[in-house]
Amino acid sequence: MREIYEPGQLPPLGVVPKYMYAAMIRPERYGPPEKAICIETTEVPEVGPGQVLVKVMAAGVNYNNIWAALGSPADVIADRQRLGAKEDFHIGGSDGAGVVWAVGEGVSQVKVGDAIVISPGIWDEKAADIRMGADPMTSKSALAMGYETNYGTFAQFTVVDEYQCHPKPAGLTWEQAGSFLLTASTVYRQLRGWQPHVVEPGDPVLVWGGSGGLGSMAIQIVRQFGGIPIAVISDPSNEEHCLRLGAKGVINRNDFDHWGRIPSASDGAAFATWLAGVRAFGKRIWDILGERRSPRIVLEHPGEDTIPTSMYVCDNAGMVVTCGATSGYAADVDLRFLWMRQKRLQGSHGANTSQFRAVTELVAQGQLDPCLSMVVPFEDTPGVHQLMYENRHPGGNMSILIGAAAPGLKE
Ligand code: NAP
């Protein structure tokens with residue numbers, strides 16, 4: 001038996017080599033992804049009780065591996081070492097599709113040879129809060145796979161808990177199947193998980209970054225439930241992509257310059273200029289809708305640059321729901337607009353098992369396009385992350401071929 005197989009080569013089913021290739025981040029390389037991420041060899045991880053070893057065929061690219069590469073705002077390697085981890089490296093990757101290669105003790109719902117997609121939420125099913133009925137993604141034990149945990153999907157093999165395995169939609173190529181679950185499930189929870197603010201027919205929904213990974217999924221899911229998505233972009237060449245997915249209209253954020261933190265109310269002139277900018281942005285939404293209606297839900301993730309605008313343009317008694325802060329964390333909220341207009345600012349993170357399964361079903365039934373825009377070979381893992389870091393990547397989701405020998409393969 002060979003000790004290591006080249007990416008794209010398949011060892012015989014069930015044969016677990018001692019070593020594997022992995023796209024690794026090390027603290028001494030923290031910085032832009034093209035410098036921080038390198039393909040190295042390391043030992044294939046052990047499979048514990050309730051766990052599954054997956055041969056990764058393709059893995060999706062997500063923003064969290066950029067945060068991991070930068071070593072900021074969290075040093076994920078040091079954080080784990082403080083909790084006793086021995087590894088001085090990080091293997092990212094929170095999305096993936098592959099083949100069950102080995103199963104640990106007690107695994108009953110998947111078997112060797114099954115084709116699966118991997119969901120990125122990890123929790124302790126025996127945690128006290130989960131046993132008391134908490135949504136597992138709100139549990140104190142919840143972690144994002146391949147960010148807060150090591151041994152993500154940017155490697156020939158990854159280890160997951162059994163509940164992270166979902167049947168691979170048969171009609172999808174490996175690269176499609178590995179690309180969508182993190183983004184799609186995150187926005188599914190944002191749009192469907194926070195009663196009573198779930199998308200209803202006729203609801204206008206503002207989608208920041210409409211051409212990005214989250215945005216491309218959100219536009220479609222809003223449409224799926226009868227809502228009216230309005231997408232924001234920065235590059236006019238992405239307008240067509242958003243309209244094709246179902247956006248009622250598109251706003252180019254470069255037409256405005258009021259972004260970032262709110263000027264102090266004591267600086268009357270600066271505050272008035274800011275207010276004029278944010279009102280002009282809101283008017284653009286009314287123009288698209290053809291009536292003076294404001295978004296009942298605002299799908300947030302840029303953070304510092306956009307939260308003040310999101311909170312202002314959100315309808316009375318509506319919800320701004322955020323899962324990220326690409327542009328910065330110190331976002332201002334003018335509390336007058338929050339309480340007087342009785343709005344809700346809701347945090348949302350990841351998804352739970354039923355939400356993961358629901359979006360996988362939507363994709364399997366052809367009702368949600370995974371919007372795969374770019375497929376790269378394993379050795380381009382640093383480069384594709386660099387593109388995303390510089391916001392120069394194409395709209396939709398991107399995938400890295402690892403075990404799949406070529407694009408277009410489904411089994
Ligand atoms: P993405 O594919 O890069 O898309 C993000 C989009 O945001 C970009 O296409 C860009 O669109 C827009 N954007 C960037 N900077 C902006 C700014 N300053 N103001 C307004 N818009 C801006 O990334 P993604 O996968 O959608 O992820 C987006 C964020 O969500 C990341 O920070 C990620 O870490 C976070 N996230 C969180 C979770 C969670 O569970 N908590 C899950 C997934 C993602 P335009 O330039 O066209 O406007």
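Counting convention: from 1, in listed order, for ligands and their atoms alike.
- Nearest protein heavy-atom neighbour of atom 33 (C) of ligand 1: Y63 CB, 3.5 Å.
- How far CD1 of I400 is from CG of D95: 10.5 Å, rounded to the nearest 0.5 Å.
- Counting protein heavy atoms only, atom 35 (C) of ligand 1 is closest to C323 O, 4.0 Å.
- Heavy-atom contacts of L182 reach the following atoms of ligand 1: 42 (C), 43 (C) (cutoff under 4.0 Å).
- The distance criterion of under 3.5 Å between nitrogen or oxygen atoms is met by G213 with respect to ligand 1.
- From the protein, the heavy atom lying nearest to atom 3 (O) of ligand 1 is H393 NE2, 2.9 Å.
- Evaluated by nearest non-hydrogen atom to atom 44 (C) of ligand 1, the leading choice among L214, D235, T322 is L214.
- At the top of the distance list for atom 42 (C) of ligand 1, counting protein heavy atoms only, stands T186 OG1, 3.4 Å.
- Nearest-residue assignment for atom 5 (C) of ligand 1 (options H301, H349, E390, R189; heavy-atom criterion): H301.
- For ligand 1 and G209, the ligand atoms under 4.0 Å from any heavy atom of the residue are 6 (C), 7 (O), 11 (O), 12 (C).
- Atom 31 (C) of ligand 1 has as its closest protein heavy atom T326 OG1, 3.3 Å.
- For the residue pair R357 and H166, a side-chain donor N or O sits within less than 3.5 Å of a side-chain acceptor on the partner.
- Each of H258, R253, R279, E300 was evaluated against T309; a single residue qualifies, H258, per the side-chain hydrogen bond (donor to acceptor under 3.5 Å, both in side chains) test.
- Cation-pi contact between R29 and F89: absent, since separation from the ring centre below 6.0 Å together with deviation from the ring axis within 45° is not met.
- Looking at atom 13 (N) of ligand 1, its nearest protein heavy atom turns out to be R253 NH2, 3.7 Å.
- Only one option out of L275, V298, V333, I307 pairs with Y312 in a side chain to side chain contact (heavy atoms under 4.5 Å, CB included); it is L275.
- The shortest N/O to N/O separation between W208 and ligand 1 does not fall below 3.5 Å.
- One distance of note links CD of E162 with CD1 of I116; it measures 10.5 Å at 0.5 Å rounding.
- Heavy-atom separations between E304 and ligand 1 are all 4.0 Å or longer.
- In this model, no donor atom of one side chain and acceptor atom of the other lie less than 3.5 Å apart for Y163 and Q109.
- Nearest protein neighbour of atom 18 (N) of ligand 1, counting heavy atoms only, is D305 OD2, 2.8 Å.
- Contact atoms of ligand 1 toward T306: 19 (N), 20 (C) (distance under 4.0 Å to a heavy atom of the residue).
- The pair R296-D315 does not count as a salt bridge, with every side-chain nitrogen at least 4.0 angstrom from each carboxylate oxygen.
- Under the side-chain hydrogen bond (donor to acceptor under 3.5 Å, both in side chains) criterion, S266 pairs with S264, not counting sequence neighbours.
- Under the 3.5 Å distance criterion, the side-chain polar atoms of Q190 are matched with a main-chain donor or acceptor of V321.
- Regarding atom 40 (O) of ligand 1, its nearest protein heavy-atom neighbour is G350 N, 2.9 Å.
- At a cut-off of 3.5 Å, with distance as the only test, a side-chain donor of S211 or N238 sits close to an acceptor on the other residue.
- In this structure, W67 counts as a contact residue of ligand 1, since one of its heavy atoms falls inside 4.0 Å of the ligand.
- Residue contacts with ligand 1 leave out N62, since none of its heavy atoms falls under 4.0 Å from the ligand.
- Note on ring orientation: taking the six-membered ring where Trp is involved, the planes of W259 and F256 are perpendicular (angle over 60°, cut-offs 30° and 60°).
- With a 4.0 Å heavy-atom cut-off, ligand 1 is reached by the backbone of S234 and by its side chain too.
- Remark: ligand 1 atoms within the under-4.0 Å shell around heavy atoms of S327 are 18 (N).
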